[in-house]
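A quick write-up on the structure given underneath.
Just so you know, these numbers use all the heavy atoms, side chains as well, and skip hydrogens, waters and symmetry mates. Just so you know, ligand 1 is whichever comes first in the structure, and atom 1 is the first atom listed for that ligand.
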Amino acid sequence: MASTVASSTAPPFPGAEDFAVGLIGMGDMGKMYARRLSSAGWRILACDRDEKHDELVKEFANHNIQILRNGHLVSRASNYIIYSVEAAAIGRVVAQYGPSTRLGAIVGGQTSCKDPEIKAFEEFLPNDVDIVSCHSLHGPNVDPHDQPLVLIKHRASDESFAKVEAVLRCLGSKHVYLTAKEHDRITADTQAVTHAAFLSMGKAWHATKQFPWEGTRYVGGIENVKINLMLRIYAQKWHVYAGLAILNPEAHKQINQFARSTTELFYLMLEGRRDELRARVYAAKDKVFGRDDAPKWGDKPLLPEGVVDRFGLNPPTPLQQIQPTPNNHLSLLAMVDCWSALGIVPFDHMICSTPLFRLWLGVTEHLFRTPGLLDESLRVGLEDATFRRDDLHFTIAASGWAECVALRQFETWRERFAVTQKFFEPRFEGAVEVGQAMIRAVLEEGGK
Ligand SMILES: NC(=O)C1=CN([C@@H]2O[C@H](COP(=O)(O)OP(=O)(O)OC[C@H]3O[C@@H](n4cnc5c(N)ncnc54)[C@H](OP(=O)(O)O)[C@@H]3O)[C@@H](O)[C@H]2O)C=CC1
Ligand SMILES: O=C(O)C(=O)Cc1ccc(O)cc1
C-alpha cells in the first residue's frame with residue numbers, strides 16, 4: 001500500500017504499507033480497478049499483453065500505478081493478484097502466469113463466470129497460494145458505490161480474506177458472500193437470461209431493418225428501457241456476454257427455457273388460443289409475483305413513476321405521448337413464463353443483481369402490476385398484427401442464441417453479435433449516453 005491511506009489513518013492490516021495489488025488484464029474492468037484502488041492509496045502493479053505495455057505506461061504516467069511487461073512480473077511481486085481477462089482466456093492465462101505467483105500470495109479473478117476461473121486456479125496455482133475471487137456486478141462506467149460486489153472465499157485463511165476485503169472496501173460496494181457455484185447459479189438467473197432477451201431484441205430489429213426509436217410504434221417508458229438497454233449491450237465487447245452465457249454451466253438451462261417460453265407464447269398468440277394464453281400467463285404471474293392477496297413485490301414499484309419515460313431517443317409527438325401504440329410485450333411475457341417454469345423468484349436475487357437486471361425486472365413488474373396493462377398486452381398479442389413480424393424475428397433470434405450457447409459456439413456467437421453491432425453502430429454515439437443517464441436516474445430516484 002502506498003502512502004496516502006497508510007499515513008493518514010491506521011493501516012487496515014499489519015504490513016499494508018508494503019502490500020502490492022497486481023492486476024493482470026488492463027481492459028475496461030482492470031483499468032477501473034487500477035484507478036480506484038490506486039486513488040485509495042494501494043500500490044498497483046499491472047500488465048496487459050506485452051504489445052500494449054508502452055501505451056499503458058503513457059496512459060498511467062500520472063498515476064501511482066506501475067505498468068509491467070507481463071503477468072510473470074506482476075505475479076512474482078504482488079501480494080494479491082486479480083486476473084481481469086476474458087472469461088474464455090482465463091485457463092490459458094492462469095496456466096501461463098499462475099506458477100510465477102509469489103509465495104503465500106492471494107489470487108482472485110474478476111471474470112463474470114466462476115466455474116472456469118476456479119478450475120484454472122485449482123489446476124495451475126501453487127498450493128501455498130490462497131484463492132479469493134470477486135465479481136463487481138456492474139459495468140466499468142457505473143459508479144461501484146452501493147453496487148453488489150461478490151466475494152468468494154474459495155481456499156483462503158480468514159486473514160487473507162480480511163486483506164481482500166480491506167483492499168476492495170475503497171470501491172464502496174456492498175459485499176455479498178457466495179460460493180463459486182452459488183455465484184454462477186444466481187448470475188445465470190439474473191445476467192445470462194436477461195442478456196438473451198436484449199440480444200434477441202437487437203436481432204429482431206436488425207432483421208426488420210429498423211431503428212425502433214425512429215418509428216412510431218416503440219414509444220413510452222417500457223420501450224425506452226428495451227431500446228436503451230439493447231443498445232447498451234450491443235455497444236459493449238462481445239466476449240463479456242458470450243463468456244457469461246456459454247461458459248456458465250448453470251446458464252444454458254435458463255437461456256433454453258427463455259427461447260422455449262418465447263416460442264410457445266408466440267404460438268398461442270398466432271393460433272388465437274385466448275384461454276390457454278391467459279391461463280398460462282396468469283399462472284406464471286402468480287408463481288413469480290405472488291397472488292393478489294400475497295404479492296411478492298414491494299409496496300413501491302421497482303421503477304420510480306415516470307422516470308424511464310424521459311429517456312426516449314426521439315421525442316414523441318403529442319398524440320403518441322397521450323396514446324402510445326399498445327404492444328403485446330412478448331419478451332416480457334416470455335421472461336416471466338421462463339422464471340415461472342424454472343421456479344425462479346427474481347426478487348430473491350436483488351442482493352446480487354446488476355443495474356440492467358433491476359431495470360429489466362422493473363419493467364416486467366410494471367407490466368404485471370399496472371392495472372389493465374397485462375390484459376391489454378394479451379389482447380394485442382391475440383388480435384393485433386402490428387408487432388407480428390418483430391415477434392417472429394424475436395422468436396427466431398431467441399432460439400438462435402439458445403442453440404449457439406448450447407453448442408458452445410463462441411465463433412458463431414461472435415459473428416451473430418458483430419453483424420448486429422455493425423448495424424446499430426452509427427447510432428451508438430449519443431444513444432449510449434441516454435441509456436447511461438437513464439440507469440443513473442433509476443438508481444438515484446429508485447433509492448428515494
Ligand atoms: N465489462 C463489464 O461490464 C464487466 C466485465 N467483467 C469481467 O471482467 C473481465 C474483463 O472484462 P473487460 O475488462 O470488460 O474486458 P476487456 O476485453 O476490456 O479486458 C480484458 C483484457 O485482458 C487482456 N488480456 C488477455 N490476455 C492477456 C494476457 N495473457 N496477459 C495480460 N492481459 C491479457 C486483453 O487483451 P486483448 O484484448 O488483446 O485480448 C484485454 O485488454 C471479463 O472476464 C468479464 O467477464 C466483470 C464485470 C463487468
Ligand atoms: O451494466 C450491466 O448491468 C451489465 O450487465 C454489465 C455487466 C457485464 C458483465 C458482468 O459480469 C457484470 C456486469
Side-chain angles (χ1 to χ4, degrees), residues 22-35 45-53 55-56 59 67-75 81-98 100 108-117 120 133-144 147-150 171 173 183-184 186-188 190-199 225 228-248 251 352-362 432 435-436 438-440 442-443:
L23 288 165
I24 298 180
M26 283 289 275
D28 297 332
M29 291 305 282
K31 285 181 186 176
M32 190 267 273
Y33 264 51
R35 290 201 179 96
L45 305 175
C47 75
D48 201 278
R49 292 183 194 274
D50 191 27
E51 57 268 30
K52 294 194 210 145
H53 173 265
E55 195 188 307
L56 284 171
E59 187 177 344
I67 303 293
L68 302 178
R69 285 220 164 262
N70 59 51
H72 294 297
L73 300 176
V74 169
S75 295
I81 300 129
I82 306 173
Y83 284 82
S84 196
V85 300
E86 296 90 331
I90 189 82
R92 179 174 49 76
V93 181
V94 177
Q96 202 180 357
Y97 305 133
S100 301
Q110 170 67 260
T111 63
S112 309
C113 163
K114 295 304 172 192
D115 182 68
E117 184 182 295
S133 256
C134 66
H135 184 192
S136 284
L137 287 177
H138 56 83
N141 300 319
V142 171
D143 181 351
Q147 298 300 322
L149 166 64
V150 175
L171 297 172
S173 300
H183 167 277
D184 284 356
I186 295 176
T187 53
T190 52
Q191 289 196 275
V193 76
T194 301
H195 298 154
F198 290 109
L199 289 163
V225 172
N228 290 339
L229 297 188
M230 178 282 293
L231 283 171
R232 180 183 172 84
I233 286 182
Y234 277 102
Q236 301 283 330
K237 291 177 181 151
W238 71 275
H239 72 76
V240 175
Y241 300 101
L244 64 82
I246 296 176
L247 297 174
N248 184 346
C352 194
S353 60
T354 61
L356 205 144
F357 172 74
R358 272 170 270 157
L359 259 124
W360 184 230
L361 178 56
V432 171
Q436 191 73 8
M438 181 184 77
I439 291 187
R440 217 175 304 119
V442 172
L443 291 178

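Between L247, L356, D48, it is D48 that holds the heavy atom closest to atom 21 (C) of ligand 1. The option with the heavy atom closest to atom 17 (O) of ligand 1, from among H239, Q110, Q191, is H239. With I439, L356, T187 as candidates, the residue nearest to atom 3 (O) of ligand 2 on a non-hydrogen basis is L356. By heavy-atom distance, the residue among V142, V150, V240 lying nearest atom 9 (C) of ligand 2 is V240. Among E51, H135, E86, the residue whose heavy atom sits closest to atom 25 (C) of ligand 1 is E86.
Counted by atom type alone, S133 and E117 present one or more donor-acceptor pairs between their side chains at under 3.5 Å.
Neither the backbone nor the side chain of Q236 has any atom closer than 4.0 Å to an atom of ligand 1 (non-hydrogen atoms only). Neither the backbone nor the side chain of A89 comes within contact range of ligand 1; no heavy atom lies under 4.0 Å. Contact annotation: for V93 versus ligand 1, heavy atoms closer than 4.0 Å belong to the side chain alone.
Which parts of ligand 2 touch H138 is read off a 4.0 Å heavy-atom cut-off, strictly below it: atoms 12 (C), 13 (C). Ligand 2 places these atoms under 4.0 Å from at least one heavy atom of R232: 1 (O).
Within the 4.0 Å heavy-atom cutoff, Q236 does not count among the residues contacting ligand 2.
Not a single N or O atom of Y241, backbone or side chain, sits closer than 3.5 Å to an N or O atom of ligand 2.
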